[in-house]
Amino acid sequence: MTKELPDAVGQRHSQLLRGVLDICLLALIAERPRYGFEFTQALADGGLDLVREGSIYPLLSRLEGGGLVSSYRAPSASGGAPRKYYRLTEAGRVELDAGRAVWHGFAGAVSGLLTETAAEKTDTHTDTTSTGESTS
């Protein structure tokens, strides 16, 4: 699904992306109908350059099979073979709205836990020694 990244940061980024890539694709399609390579470009432009074009097509196929997107063929602007474009269905729009709500709630909760303020609050809470007495 993603480019090889040997470091832990890259692996974590890849794992996080796997959980939201479908919603990202739906969001891109909601902007305008797109074809395969455009997804890769748009994701990279948005800072998600780990995604390969070959991993997008199976996901688009699943989204289409689930009724969240539909496809149509249109001539290529460069005169090449017709391209397969994807557009959002009403069910896809509902799924995108639900996915956005879930993401914002999840991201907000994680962000709250990972901020310095949250770390500082943990450090300032009452500590208990092995005798059970409060140290603050």
Side-chain angles (χ1 to χ4, degrees):
M1 172 195 243
T2 59
K3 296 178 184 175
E4 291 295 320
L5 293 172
D7 66 341
V9 172
Q11 289 175 0
R12 184 173 310 281
H13 190 203
S14 177
Q15 290 171 346
L16 291 169
L17 182 57
R18 276 189 198 107
V20 296
L21 186 56
D22 60 336
I23 299 301
C24 292
L25 293 182
L26 291 175
L28 291 172
I29 297 168
E31 290 177 350
R32 63 178 172 77
R34 294 178 190 263
Y35 64 91
F37 183 68
E38 288 183 310
F39 290 104
T40 306
Q41 288 179 314
L43 291 167
D45 291 347
L48 302 176
D49 57 351
L50 296 175
V51 182
R52 292 184 178 178
E53 190 174 353
S55 65
I56 290 174
Y57 290 109
L59 183 51
L60 288 169
S61 180
R62 284 194 299 276
L63 293 172
E64 189 171 23
L68 303 178
V69 300
S70 63
S71 63
Y72 63 94
R73 297 221 177 251
S76 170
S78 63
R83 293 184 172 143
K84 186 174 183 179
Y85 284 83
Y86 295 87
R87 62 181 154 220
L88 212 54
T89 63
E90 186 55 38
R93 190 163 308 284
V94 169
E95 182 68 18
L96 174 57
D97 290 344
R100 282 179 169 152
V102 168
W103 171 254
H104 289 299
F106 178 78
V110 170
S111 182
L113 289 171
L114 298 180
T115 61
E116 278 188 50
T117 305
E120 291 169 3
K121 286 180 184 176
T122 301
D123 292 340
T124 61
H125 279 352
T126 303
D127 233 3
T128 305
T129 64
S130 60
T131 61
E133 296 175 16
S134 177
T135 58
S136 45

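Just so you know, these numbers use all the heavy atoms, side chains as well, and skip hydrogens, waters and symmetry mates.
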Do you know which two heavy atoms are closest between [X] and [Y], and how far apart they sit?
X	Y	answer
Ala81	Ser76	O-CB, 3.3 Å
Gly67	Ala91	O-CB, 3.7 Å
Tyr85	Glu38	CE2-OE1, 4.1 Å
Tyr57	Gly36	OH-CA, 3.2 Å
Ala77	Arg83	N-NH1, 4.4 Å

same_hphob_cluster(Leu59, Val102) at 4.5 Å side-chain heavy-atom cutoff: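 Result: no, two separate clusters.
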Hphob cluster co-occupancy, Leu114 + Phe106, side-chain heavy atoms under 4.5 angstrom: yes
Working to the nearest 0.5 Å, report the span between [atom1] of [X] and [atom2] of [Y].
X	Y	atom1	atom2	result
Phe39	Leu60	CZ	CG	5.0 Å
Tyr86	Ile29	OH	CD1	8.5 Å
Arg100	Leu26	CZ	CG	9.0 Å
His104	Ser111	NE2	OG	12.5 Å
Leu28	Ile23	CG	CD1	11.5 Å
Leu88	Leu63	CG	CG	9.5 Å

CZ of Arg87: more than 12 outside heavy atoms within 6.0 angstrom?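 Counting other residues, nucleotides and ligands, CZ of Arg87 exceeds 12 neighbours.
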Restricting to side chain to side chain contact (heavy atoms under 4.5 Å, CB included), what partner residues turn up for Leu48, sequence neighbours left out? His13, Leu17, Cys24, Leu43
Please identify each residue that fulfils side chain to side chain contact (heavy atoms under 4.5 Å, CB included) with Ala107, with sequence neighbours left out.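 Partners of Ala107 under the side chain to side chain contact (heavy atoms under 4.5 Å, CB included) test: Trp103.
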Intermediate values then yes/no, salt bridge (charged side-chain N to carboxylate O under 4.0 Å, His left out), Lys84 and Glu64: CA-CA 12 Å; Lys84 186 174 183 179; Glu64 189 171 23; 3.6 Å; yes
Salt bridge (charged side-chain N to carboxylate O under 4.0 Å, His left out) involving Arg34 - partner list, sequence neighbours excluded: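 Once residues adjacent in sequence are excluded, the partners of Arg34 under the salt bridge (charged side-chain N to carboxylate O under 4.0 Å, His left out) criterion are Glu31.
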